[in-house]
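Down below is the structure, laid out as structure tokens.
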Protein chains: 2
Amino acid sequence: MADINFSRPAAQPDSRGAEVSPGSARAGELRWDIIELLFFAYRDFVGDADHELEAFGFGRAHHRVLHFVHRYPGLKVADLLDVLRITKQSLGRVLKQLLDEGYIIQKTGNNDRRQRLLYATPKGEALVGKLAGMQTDRINRAIAEIGPAGTETVRQFLRAMIDRDDPDKVLETIFGSGKPAKT
Amino acid sequence: MADINFSRPAAQPDSRGAEVSPGSARAGELRWDIIELLFFAYRDFVGDADHELEAFGFGRAHHRVLHFVHRYPGLKVADLLDVLRITKQSLGRVLKQLLDEGYIIQKTGNNDRRQRLLYATPKGEALVGKLAGMQTDRINRAIAEIGPAGTETVRQFLRAMIDRDDPDKVLETIFGSGKPAKT
DNA sequence: AAATTTATGTCAGCCATGTTGACATATCTT
DNA sequence: AAGATATGTCAACATGGCTGACATAAATTT
């Protein structure tokens, strides 16, 4: 009954003199709250799509590929590898399925015929749009509480959370080509 | 040279009349930008910890367990399962390692001697503190650009992104017991 | 007191998605 | 012609999800 546990987050951040060599933030300054909010927010954010993807026999990996191919039509395989930061073998597996099942098509590059430029098919657009719709609904509900100015603040915060050294082609586009990155 | 691809995100969201049955947000209203920012921000956010965890032979799963046990001392195994939304078999694997290697200890519940209440050891506190330090550094860098008022906006946004139906014990605590949830 | 339910642990095996290493092919560059 | 690059593929392995079955101890119910 008493439920002695769950006595709220530790009042004294590091009772036992632990927390040896903390990143660089000193004890007591740690952003525990935001760390947890990010965990839960992201979990539920991707959870929307995860559920729907099951019905298609796809997973999160397929979603990521389809998303970026849709958003950046003509993306090269090499660029996709950069963005997703996975190996070509991992990508190959999911990409093959998306190709076989007609969600994505490849076109041979005009300049460089070795390249395979990727495009979402109408079928692929439909799926990625449905998933984005669900995620947008969640974002819109959250945005309704903070207004347009707040939305810009959130955008600013999220952009500042992203590593900007060695940006891939997508990040270059997002950040308006601040850095040239590898060609 | 010409690099014909990467011609920026599709100007017309759904050229081919695709996007059948979008979530509920209509085409054109989709929050593509925020969806992508969340992806990249979260990737780099957890990337910090991932890198460090490798040196300990641990993965993201261990981090999550250690984090919540540290933050909510005396957490029951059942509560942890609720929070992480994984099966007890999956939890068992990583929890066993954390116990064996002395990052976490179990204490038998006082009221209910079937329960195993979990606590981080000083060793565990040290690791989780180090990881939180790195993540805090990143958050602080981002916060520096939006100020204290902006930080509150971000907190509000993230909270609103989280599902509030059927909250687990941790979310109950975070949201100040808005809902009683299951006892 | 006996029966049942609950909290936890554990064995065995499957699946998705990440990894490394090796190697093949076509095409572009030198 | 030789070498570098873009892509694909085979094989094997690791992590961390999953299901199903079953065991134990302790609490609760009958």
Side-chain angles (χ1 to χ4, degrees), chain A residues 1-5 43 46-47 49-51 53-54 56-66 69 74-100 104-118 169 182-183, chain B residues 1-5 43 46-47 49-51 53-54 56-66 69 74-100 104-118 169 182-183:
Chain A
M1 269 280 144
D3 217 37
I4 43 107
N5 34 336
R43 181 188 69 176
V46 297
D50 283 352
H51 217 264
L53 284 159
E54 262 187 63
F56 291 79
F58 289 149
R60 228 174 263 189
H62 302 83
H63 186 194
R64 289 194 286 256
V65 170
L66 194 50
V69 168
L75 202 59
K76 291 183 296 185
V77 169
D79 292 327
L80 200 42
L81 290 174
D82 264 12
V83 174
L84 300 178
R85 294 197 193 161
I86 57 177
T87 57
K88 94 186 134 165
Q89 294 89 333
S90 286
L91 174 59
R93 236 171 348 207
V94 297
L95 185 54
K96 194 170 189 310
Q97 288 178 267
L98 290 167
L99 288 164
D100 288 351
I104 285 180
I105 51 165
Q106 288 179 323
K107 296 185 185 175
T108 299
N110 300 319
N111 309 0
D112 188 333
R113 295 175 38 77
R114 289 171 305 181
Q115 297 174 351
R116 299 300 141 86
L117 309 186
L118 304 171
K169 290 223 175 195
K182 57 232 167 190
T183 317
Chain B
M1 266 284 145
D3 219 36
I4 44 108
N5 36 334
R43 181 189 68 176
V46 297
D50 283 353
H51 217 265
L53 285 160
E54 262 186 63
F56 291 79
F58 289 149
R60 230 174 261 189
H62 302 84
H63 186 194
R64 289 195 285 259
V65 170
L66 195 52
V69 168
L75 200 60
K76 291 184 297 185
V77 169
D79 292 327
L80 200 42
L81 290 174
D82 264 12
V83 174
L84 300 178
R85 295 200 191 157
I86 57 177
T87 57
K88 94 185 134 165
Q89 294 90 332
S90 288
L91 174 59
R93 248 183 325 217
V94 297
L95 186 53
K96 194 170 188 310
Q97 289 178 268
L98 289 167
L99 288 164
D100 289 350
I104 286 179
I105 51 165
Q106 288 179 323
K107 296 185 183 174
T108 300
N110 300 319
N111 308 1
D112 188 333
R113 295 177 35 79
R114 289 172 304 180
Q115 298 174 349
R116 300 299 142 86
L117 310 185
L118 304 171
K169 291 223 174 195
K182 57 234 169 191
T183 316

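Just so it is clear: chains get the letters A, B, ... in the order the sequence lines come, proteins before strands, and each one is counted from 1.
Between A:R60 atom CZ and D:dG17 atom C1' the separation is 10 Å, expressed in whole Å. When the P atom of C:dG18 is taken as reference, atom CD of B:E54 falls 15 Å away, rounded to whole Å. The distance from atom CD of B:Q97 to atom P of D:dG17 is 12 Å, rounded to the nearest whole Å. The separation between B:L80 atom CG and C:dT8 atom C1' is 13 Å, rounded to whole Å. When the C1' atom of D:dG8 is taken as reference, atom CD of A:Q115 falls 15 Å away, rounded to whole Å. Summarising the geometry, the separation between CZ on A:F56 and P on C:dA16 is reported as 17 Å, rounded to the nearest angstrom. We find that CG of A:L81 is positioned 10 Å from P of C:dT19, with the value rounded to whole Å. Whole-Å rounding puts the A:H63 NE2 to C:dA16 C1' distance at 17 Å.
Nucleic acid contact class of A:G92 (heavy atoms, under 4.0 Å, all strands): none. Backbone-only contact: A:Q106 has heavy atoms under 4.0 Å from sugar-phosphate atoms and none from a base.
Where A:V94 and B:L95 meet DNA chain C, the nucleotide closest to each residue was compared, and B:L95 sits on the side nearer the 5' end.
Side chain A:R93 to base C:dG18: a donor-acceptor pair is found below 3.5 Å. Contact annotation: side chain of B:R64 to base of D:dG16, donor-acceptor pair absent below 3.5 Å.
In this structure A:K88 satisfies the salt bridge (charged side-chain N to carboxylate O under 4.0 Å, His left out) test with no other residue, sequence neighbours excluded. A search for salt bridge (charged side-chain N to carboxylate O under 4.0 Å, His left out) contacts involving B:R114 returns B:D112, not counting sequence neighbours.
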Requested in this report: Start with the C-alpha gap between B:K76 and B:L117, add the side-chain angles, then the distance that decides, and say whether side chain to side chain contact (heavy atoms under 4.5 Å, CB included) holds.
Outcome: CA-CA 5 Å; B:K76 291 184 297 185; B:L117 310 185; 3.5 Å; yes

**Report entry** A:V83 vs A:K169, side chain to side chain contact (heavy atoms under 4.5 Å, CB included): CA-CA, chis, key distance, verdict
**Finding:** CA-CA 7 Å; A:V83 174; A:K169 290 223 175 195; 5.6 Å; no

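Here the closest heavy-atom approach between residue A:R116 and residue A:R113 is recorded as NH2-O, 4.3 Å. Nearest heavy atom pair, residue B:H62 against residue B:L98, reads O-CD1, 3.8 Å. Between B:A61 and B:V94, the closest heavy-atom pair is CB-CG1, 3.7 Å. In terms of heavy-atom proximity, A:L80 sits nearest to A:V69 at CD2-CG2, 4.0 Å. Listed here is the closest heavy atom pair of A:D50 and A:R60: OD2-NH2, 2.6 Å.
Side chain of A:R113, nearest nucleotide from C:dT17, C:dG18, C:dC28: C:dC28. The side chain of A:I86 has C:dG18 as its nearest neighbour among D:dA27, C:dG9, C:dG18. Comparing D:dT7, C:dG18, C:dT20 by their closest approach to the side chain of A:A61 singles out C:dG18. Comparing atom distances between the B:K96 side chain and each of D:dG8, C:dT10, D:dT9 picks out C:dT10 as nearest. Checking D:dC18, D:dT9, D:dT7 against the side-chain heavy atoms of A:A78 singles out D:dT7 as nearest.
The side chain to side chain contact (heavy atoms under 4.5 Å, CB included) with B:L118 is formed by just one residue from the set B:I105, B:L66, B:V77, B:D79; it is B:V77.
For residues 90-100 of chain B, the set of pairs meeting the salt bridge (Lys or Arg N to Asp or Glu O under 4.0 Å) definition, not counting sequence neighbours, comprises B:K96-B:D100.
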Nucleotide N/O of nucleotides 2-5 of chain D paired with protein N/O under 3.5 Å:
{"unit_1": "D:dT5", "atom_1": "O4'", "unit_2": "A:R114", "atom_2": "NH1", "d": "3.4"}
{"unit_1": "D:dT5", "atom_1": "O2", "unit_2": "A:R114", "atom_2": "NH1", "d": "2.5"}

Atom pairs under 3.5 Å, N or O on each side, protein against nucleotides 21-24 of chain C: can you list them with distances?
{"unit_1": "C:dG21", "atom_1": "O6", "unit_2": "A:Q89", "atom_2": "NE2", "d": "2.7"}

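Note that CG of A:L91 is 5.0 Å distant from CG of A:L95, once rounded to the nearest 0.5 Å. A distance of 12.0 Å separates CG in B:N111 from OG1 in B:T108, rounded to the nearest 0.5 Å.
Contact annotation: B:S90 reaches the phosphate of D:dC18 (side-chain N/O to OP1 or OP2, under 4.0 Å). In terms of phosphate contacts, B:T87 brings a side-chain nitrogen or oxygen within less than 4.0 Å of OP1 or OP2 of D:dC18.
In DNA chain D, stems built from 3 or more consecutive Watson-Crick or G-U wobble pairs, each with both distances under 3.5 Å, span C:1-30 with D:1-30.
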